[in-house]
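Numbers here are sequence positions counted from 1.
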Amino acid sequence: VMVGTCLAGTAAHFMAERTSDLPCTYGLVNVSFAPVIVIPALLVAPMGYWINERLTLRRRKLVMGTLLALITLRLLERAFA
């Protein structure tokens, strides 16, 4: 389900009305930013594997739940500010 949702979202962003006059922009996507996002993600991936090896499943769930709660609180703060 997640892969299908991701592909559909990507297709929708590429087919959307262009919102920027920057070069390399297709729909809502500016492809020139891809290296800035992908290269650091690839570089820190080993750190993620290292962290996952040392955290138990219960601790990983706690960390993810905490992060999701913080993100939710920030979004609610912005929505009602």
Side-chain angles (χ1 to χ4, degrees):
V1 172
M2 291 177 65
V3 173
T5 304
C6 179
L7 291 173
T10 301
H13 277 81
F14 273 110
M15 293 187 307
E17 183 179 334
R18 190 173 180 174
T19 58
S20 173
D21 292 331
L22 294 172
C24 300
T25 300
Y26 303 95
L28 299 174
V29 181
N30 188 329
V31 184
S32 64
F33 293 127
V36 177
I37 296 167
V38 173
I39 293 171
L42 292 173
L43 291 175
V44 299
M47 185 175 69
Y49 291 125
W50 183 82
I51 291 170
N52 279 338
E53 287 175 356
R54 281 150 183 79
L55 289 179
T56 62
L57 178 61
R58 185 174 180 189
R59 285 187 180 162
R60 274 186 271 170
K61 287 181 178 180
L62 179 66
V63 169
M64 288 302 296
T66 303
L67 289 173
L68 287 172
L70 290 172
I71 291 168
T72 302
L73 289 172
R74 289 291 309 251
L75 289 172
L76 287 171
E77 178 186 10
R78 288 182 184 182
F80 295 112

Rounded distance [0.5 Å steps], [atom1] in [X] versus [atom2] in [Y]:
X: Leu42; Y: Ile37; atom1: CG; atom2: CD1; value: 12.0 Å
X: His13; Y: Asn30; atom1: NE2; atom2: CG; value: 13.0 Å
X: Arg59; Y: Asn52; atom1: CZ; atom2: CG; value: 13.5 Å
X: Met15; Y: Thr10; atom1: CE; atom2: OG1; value: 10.5 Å
X: Leu28; Y: Arg18; atom1: CG; atom2: CZ; value: 11.5 Å

### Query
Which atoms form the tightest heavy-atom contact between Pro35 and Pro40, and what is the distance?
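That would be O-CD, 3.6 Å.
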
### Query
Pick from Val63, Leu62, Leu68: which one makes a side-chain contact (heavy atoms from CB on, under 4.5 Å) with Thr66?
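Answer to the side-chain contact (heavy atoms from CB on, under 4.5 Å) test with Thr66 among Val63, Leu62, Leu68: Leu62.
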
### Query
Is Arg54 reaching over with its side chain to a backbone N or O of Trp50, donor-acceptor style, under 3.5 angstrom?
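Yes; judged by distance alone, with no hydrogens or angles, the pair exists.
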
### Task
Check whether any side-chain heavy atom of Phe33 sits under 4.5 Å from a side-chain heavy atom of Thr25, and report yes or no.
no

